[in-house]
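Labels below follow one simple rule: chain letters A, B, ... track the order of the sequence lines, proteins then strands, and each chain is numbered from 1. Values below: every heavy atom of this structure, side chains too, minus hydrogens, waters and symmetry copies.
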Amino acid sequence: MPESIQIHLPDGSSKSYPSGVTGGEIARDISEGLARMALSIKANGEVIELNRPITTDTKVQILTWNDLDGKKTMWHSSAHILAEAIESLYPGVKLGIGPPIDRGFYYDIDFGDYEFGANDFEKVEKKFLELARSGETFERKEVSKADALKHYQGINNDYKVELIEGLDDGNITFYYSGNFVDLCRGPHVPDSKSIKAFKILNTAGAYWRGNENNPQLTRIYGISFPKKKELDEYLEMLEEAKKRDHRKIGKELELFTFSQKVGMGLPMWLPKGTRLRETLVDFLKKVQEKGGYEQVITPHIGKKELYVTSGHYEKYGEDSFQPIQTPSEGEEFMLKPMNCPHHCEIYKTRPRSYRELPLRLAEFGTVYRYEQSGELHGLTRVRGFTQDDAHIFCRPDQVKEEFIKVIDIVLYIFKILDFQDYKAQISLRDPETPEKYFGKPEQWDKAEQAIIEAANERGLNTVTELGEAAFYGPKLDFMVSDALHREWQLGTIQLDYQLPERFELEYIGADNEKHRPVMIHRAPFGSLERFVAVLIEHTAGDFPIWLAPTQAIILPIAEKFNDMAENLQKKLAEAGFRAEVDGRYEKIGKKIREAELGKFPYMLVMGEQEVNNGTISVRKRKEGDIGTMPVDDFISHLQAEITEILK
RNA sequence: UCCUCCUUAGCUCAACUGGCAGAGCAAUUGUCUUGUAAACAAUAGGUUGUGGGUUCAACUCCCUCAGGAGGAUCCA
């Protein structure tokens, strides 16, 4: 063993330490403050605890609450304390697994016949904090497989026994803290005192190992923080998220509805929601027109044969809505689950020359996919939805450039809609399971390379996921964070060498030979339904002025001004604005209150004075009365405001 | 598809341990013709999601189906 080892830090510096130095000691050496904040370290990519000795040259990163892995370390330790609290309060329970997740942690526990519920939360939370405050340390011990099995057989926990059976001897560790011991890979925080706040968020049934043939355990979700204030803020954020739930706001603002008679997962857009949606569609159409796209329209059904050709039937057919048949011929049609096969057939209408590529076919195409009933959720997960779909048919040498152009469209849309925080996920195939993908490995290599280069060229902040590719090609997905820092997957760009093959698409090259084009599938919004849902939650229903279903509501003071109000509404409509009149026989105070709650961006009050002077009294939502002005001034004010956003 | 919970007037929600189904808002009608976040009054509104069962009696207990929520699984 060498006397001293080299530790490389993230800032590029290196320092030598005696062999056996711990992460905690390194942190203290850097600064006391860092040592206080440290929760664990990343050593050559592996997260380990602060007190584990390091004996070889190592790249070390000190992890604190500011790193997700640091948070996860604390949450992992919290899961142990939760389990300890529950074991002490409910003797005889059997523990399953208790990992940290992106927001907190859970523990799957078999309570036997006892039904663990909301009434138990407080008691457990109290016990948890008591244990955490007592300053438990987490001690790692390697155990032999035989001893590990003996331990859990002794307390009759067949779940852990099953887990251990799947592990290699020599690779099994237990962690001891207080009176608690758990099979665990670690790592953990040095001291439970750093966990200052804890809350059980909810419980849910979860099958052992996710298999519905296995017994069901109670999954207890919790979250913990190093400061009480952070917990309070987090809980407040959850409250706010509940208030912003698009299902609630969608109902309140009369944007969309569902009907049992029509069928679950089949949203219907109400007039106001339709105005919002159409505005988005018009916006994107204009952007696409500039980008050289052509709109097409294709039917909602297609012959089963079409999807056999595309390969979708083989991959998804049995889990889809089943084919419908014509009464006399018995021909089978499917509700279209995607638009690409139709677009391929459009491409084949006539021979194509290399000179007309790229051909960009866009369609706001409504597709129908069978989703399991439990999967449905508001507008984010439905059985019928409209994609802002387009397929770009191009030559292989155009792929990268086209891909970059699509990235630019997606980024432009995010900018206009104020999604400032986004990241891109590059989804590649999983080399371990080649049977899941169609096509030749060489083509996949080329396709994956093109995506990576295009993303780099635009300097995208990317993460790469193996095994997340579509069966026909790799993709680039965009995840945006909304106002509450929740991540949503929206736009997607996918590269495809398979469908052109399967549909035998061709073009005549400059060499007068036949060549195969490449396809790019792309949808910047993803689906309009899902996008609007995210937009609702992002804005809390306070849409930017250019999207608001009603941009201004005209409020006559008395019924005798209703005619003038109607005239004003017509004038605004002619200028291209969406306005409506609240002509009810109600007090102005009430009309204003309801307009504020109804999230109308502008309220235009009309009474004696305004009618006489040809002016309107303008009130801006949330800001109040902003004064009286001639109608034309208001119109140019609105125009300027919208131009500013869309420039 | 599976598990748990939920479903009461258009909306939001009450109704104890099985004992006459109720309020606010919305709607309708009347009075008030109104100046920047809720005028007043009256009326109407229900086979308590569906179908069955237990009971002298069911919103309440049991079963069924449908829908919703949370989760598991899934997501071209």
Could you check whether [X] gets within reach of a base, just the sugar-phosphate, or nothing at all, counting any heavy atom under 4.0 Å?
X	answer
A/M338	base
A/H521	nothing
A/Y472	sugar-phosphate
A/Y370	sugar-phosphate
A/R247	sugar-phosphate

- Query: Does the side-chain ring of A/Y316 sit on the six-membered ring of the B/rA76 base, less than 5.5 Å centre to centre and under 30° in tilt?
  - Reply: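 A stacking contact exists, since A/Y316 sits close and nearly parallel to the base ring of B/rA76.
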- Query: Quick one: A/F121 CZ to B/rC5 P, roughly how many Å, whole number?
  - Reply: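 About 14 Å, once rounded to whole Å.
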- Can you check the A/L270 CG to B/rG10 C1' distance for me, whole Å?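 My rounded result for the distance is 14 Å.
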- Message: When the C1' atoms of B/rG45 and B/rG18 are compared, how many Å lie between them, rounded to an integer?
- Response: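 B/rG18 and B/rG45 have their C1' atoms separated by 27 Å.
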- Item | Upstream residue (5' side of RNA chain B) when A/Q494 and A/R209 are each assigned their closest nucleotide |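 The residue mapped nearer the 5' terminus is A/R209.
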- Nearest-nucleotide comparison on RNA chain B, the residue closer to the 5′ end among A/R219 and A/A470: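 First, find each residue's nearest nucleotide; the 5'-ward one identifies A/R219.
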Please produce a list of atom pairs where a protein N or O lies less than 3.5 Å from an N or O of nucleotides 35-40 of chain B.
unit_1, atom_1, unit_2, atom_2, d
B/rG35, O6, A/E608, N, 2.7
B/rG35, O6, A/Q609, N, 3.1
B/rG35, N1, A/E610, OE1, 2.8
B/rG35, N1, A/E610, OE2, 3.4
B/rG35, N2, A/E610, OE1, 3.3
B/rG35, N2, A/E610, OE2, 2.3
B/rU36, O2', A/R619, NH1, 3.0
B/rU36, O2, A/R619, NH1, 3.4
B/rU36, O4, A/S617, OG, 2.1
B/rA37, O4', A/R593, N, 3.4
B/rA37, N7, A/R619, NH2, 3.3
B/rA37, N6, A/E596, OE1, 3.2
B/rA38, N7, A/R593, NE, 3.3
B/rA38, N7, A/R593, NH1, 3.4
B/rA38, N7, A/R593, NH2, 3.4
B/rA38, N6, A/R593, NH2, 2.6

- Task: Evaluate whether atom OH of A/Y422 has more than 12 neighbouring non-hydrogen atoms of other residues, nucleotides or ligands under 6.0 angstrom away.
- Result: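 Result for OH/A/Y422: open.
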- Message: So if I apply the side-chain contact (heavy atoms from CB on, under 4.5 Å) rule between A/L95 and each of A/N157, A/L217, A/D110, which one comes out positive?
- Response: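 One option only clears the test, and that one is A/N157.
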- Should the ring pair A/F128 and A/F198 be called parallel, tilted or perpendicular, given that the plane angle runs from 0 to 90° and is split at 30 and 60?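 Answer is parallel, since the angle falls under 30°.
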- Query: Parallel, tilted or perpendicular for A/W444 and A/Y437, by the 30°/60° rule?
  - Reply: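 Taking A/Y437 first and then A/W444, their aromatic rings stand perpendicular (interplane angle over 60°).
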